[in-house]
Amino acid sequence: MLTVDGLVFRYPGGPPVLAGAALRLVAGQVTGLLGANGSGKSTLLGAITNSIEGGRAGRIEIAPEAKGPIGFATQDIALYRHLTVAENLTHAARLATGRWRVDALVSRAIEDFRLGRLRGTTARSLSGGQQRIAHLACAFVHRPSIRLLDEPTTALDFATRQLLLDLVAAWRGEGVATLVTAHYPEDVEELCSTLTMLVDGRTHNLGPLRAYLDQQSRLGHVELIGPGGTSTHVELHGMLDTGDRIITAARGAGLDLHQQLRSIQIKPPALRDLLRRDPSLRAGVEERVG
Amino acid sequence: MIAVIGSFALIEYRALLRARYPFVWFLVLPAAASAILGPAVAGLDQAGATGRVTVGFGVMFSYMTVNYVGHAMYREFESQAWRRTAISDPSRVAYLTGKCLPVYLVGIGQLTVFLAIAAGGLGLPLAAGTLTGVLQLAVTLVPFAATGVGVGMIMFTLIRRAEVFFSLTYLVLVVLGALGGAIVPSPQLPGWSQLVGHLTPHYWALRAIDEATLGAGSWTTVWTSSALLLVLGAGLIVAAAARLDLRKERYAI
């Protein structure tokens with residue numbers, strides 16, 4: 001749906017923030033973009049949508065079948081404070097579609113984002129979480145095929161976060177291509193199907209998230225349970241997809257398997273553990289997970 | 001295009017309506033100033049002097065349109081909606097028209113109210129008769145109000161920070177008004193002020209208004225003044241549209 005290749009971007013008078021970023025958003029997939037503060041995540045989204053001032057080079061290609069302008073929910077909440085939720089949605093829909101009559105789109109957004117009770121409330125009277133949801137609804141009221149979300153879980157309570165997770169899951173089924181930026185690996189794990197890291201203005205596409213986790217889970221993090229039930233956590237290195245390999249690796253770690261080993265548990269690691277371990281990606285997250 | 005103009009105009013109309021305080025600047029303040037200071041401040045003692053002073057302050061404070069154009073334009077940044085607007089990439093003409101149309105209409109309305117009060121209640125004559133006088137005033141205030149909007153637009157494209165913009169609007173209001181003869185009529189001003197005053201839209205507006213009211217009611221003076229105001233207003237708006245970049249971040253207060 002969207003292909004980005006060799007994207008370079010610099011703010012006026014500044015050094016390049018993006019140095020050859022590449023990305024591919026596919027219909028029905030949610031791509032997670034993970035990176036530390038200042039790594040260029042928001043800039044990448046701004047450069048893709050051509051909504052920030054600066055020098056841009058590289059290729060950005062949108063599939064001809066993509067509907068509407070790209071929907072972009074910025075990190076900052078974008079709502080006219082003096083307008084009601086329904087008025088904000090109506091304006092956003094008119095702007096995106098260029099049509100005056102947008103009642104059907106607005107009604108659908110109010111239903112999808114569960115804003116019925118709040119449709120007549122002015123934006124300034126909403127709570128932080130309600131504002132975030134109304135902001136997301138405005139960004140996607142025109143039902144675009146490509147949706148970008150910059151740190152969407154910021155300041156959300158549990159229920160609102162769950163609503164967001166449900167919405168993004170539903171978009172997969174509708175064939176929407178979604179990109180979500182996040183500081184926290186947990187958010188990416190819950191929301192996304194593929195993963196891209198942004199480190200120093202360069203993207204590292206790690207591919208499908210599940211496959212990445214499966215592959216990485218065989219690379220270590222084994223718990224050895226001793227005779228007395230005492231457990232020893234050992235980081236074993238190498239491919240551990242067979243018993244032989246685990247035994248070899250455990251011996252290599254200096255363990256007396258006959259004396260000590262009662263059982264072995266391979267624990268699927270969390271994304272944060274894997275990212276911490278990978279030296280090429282560490283810079284992108286160590287600020288957050290370290 | 002119509003949807004975009006209408007949608008932005010509706011936002012700004014609602015903002016003006018729900019804020020209410022703009023009408024203090026546009027109506028209450030000039031009315032209070034003219035009532036407190038009276039015709040003495042203008043050095044006038046002829047018939048209709050009170051009306052002329054009232055119209056002068058009305059003309060001066062009509063330039064609050066510059067300030068409220070700023071409110072309209074920086075609202076995109078205050079609300080953080082500017083990125084969404086930039087992505088939709090509306091035509092710059094449609095965007096500016098929608099954003100500034102309500103303020104422009106308020107400016108025309110304010111001038112109409114002050115001229116009506118001055119002519120109807122404060123003895124300001126209409127030299128060429130009621131109908132012709134009203135037409136002469138109309139062809140003057142329509143382009144004059146556009147110059148206020150144009151000044152606001154061009155200032156917005158040049159100034160990144162809202163606090164700088166708004167500070168300058170008060171300077172513009174007082175300096176252009178004073179130089180243009182809104183407080184003290186131009187012939188009573190010092191020589192250099194009269195000379196520099198020719199560069200202000202206020203001078204040309206008041207030249208036409210004075211001709212239609214206290215003067216001989218000549219269409220020639222009215223047409224030349226309003227034509228010049230029209231060219232100036234249109235020029236400012238076209239220049240602002242050419243300079244406008246919706247992707248350029250600005251900083252609201």
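Lettering follows sequence order; numbering is per chain, from 1.
Contacts of A:T49 with chain B are made by both backbone and side-chain atoms, with heavy-atom separations under 4.5 Å. For A:H142, no part lies near chain B; criterion is any non-hydrogen pair under 4.5 Å.
The structure places CZ of B:R83 at 7.5 Å from OG of A:S42, a figure rounded to the nearest 0.5 Å. Distance check, rounded to the nearest 0.5 Å: CH2 of A:W100 to CG of B:L10 gives 5.0 Å. In this structure, A:R94 CZ and B:S88 OG are separated by 13.5 Å, a value rounded to the nearest 0.5 Å. For the atom pair B:D89 CG and A:N50 CG, the distance stands at 8.0 Å (nearest 0.5 Å). In this structure, CD on B:Q80 lies 7.5 Å from CZ on A:R81, to the nearest 0.5 angstrom. With values rounded to the nearest 0.5 angstrom, A:D76 atom CG is found 12.5 Å from B:F77 atom CZ.
Comparing B:L246, B:T85, B:D245 by how many heavy-atom pairs each has under 4.5 Å with chain A, the most go to B:T85.
In this structure, B:R247 and A:I52 have side chains that are not in contact, with every pair of non-hydrogen atoms separated by 4.5 Å or more.
The pair B:R18-A:E87 meets the salt-bridge criterion, since a charged nitrogen lies less than 4.0 angstrom from a carboxylate oxygen. Looking at B:R160 and A:E53, a side-chain N of the basic residue comes within less than 4.0 Å of a carboxylate O on the acidic one, giving a salt bridge.
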- Message: Please determine whether side-chain hydrogen bond (donor to acceptor under 3.5 Å, both in side chains) holds for the pair B:E76 and A:Y80, giving the CA-CA distance in whole Å, both sets of side-chain angles, and the decisive distance to 0.1 Å.
- Response: CA-CA 8 Å; B:E76 289 296 298; A:Y80 296 100; 2.4 Å; yes
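Using a distance-only test at 3.5 Å, with no hydrogens or angles considered, a donor-acceptor pair links the side chain of A:H82 to the main chain of B:I11. A donor-acceptor contact shorter than 3.5 Å links the side chain of B:R84 to the backbone of A:A78.
No more than 12 heavy atoms of other residues, nucleotides or ligands shown are found within 6.0 angstrom of CZ on A:R202. The 12-atom threshold is not exceeded at OH of B:Y13, counting heavy atoms of other residues, nucleotides or ligands nearer than 6.0 Å. The neighbour count for B:R250 CZ, taken as heavy atoms of other residues, nucleotides or ligands under 6.0 Å away, is above 12.
Near-neighbour residues of residues 136-145 of chain B relative to chain A, defined by a heavy atom under 4.5 Å from a heavy atom of that chain, are none.
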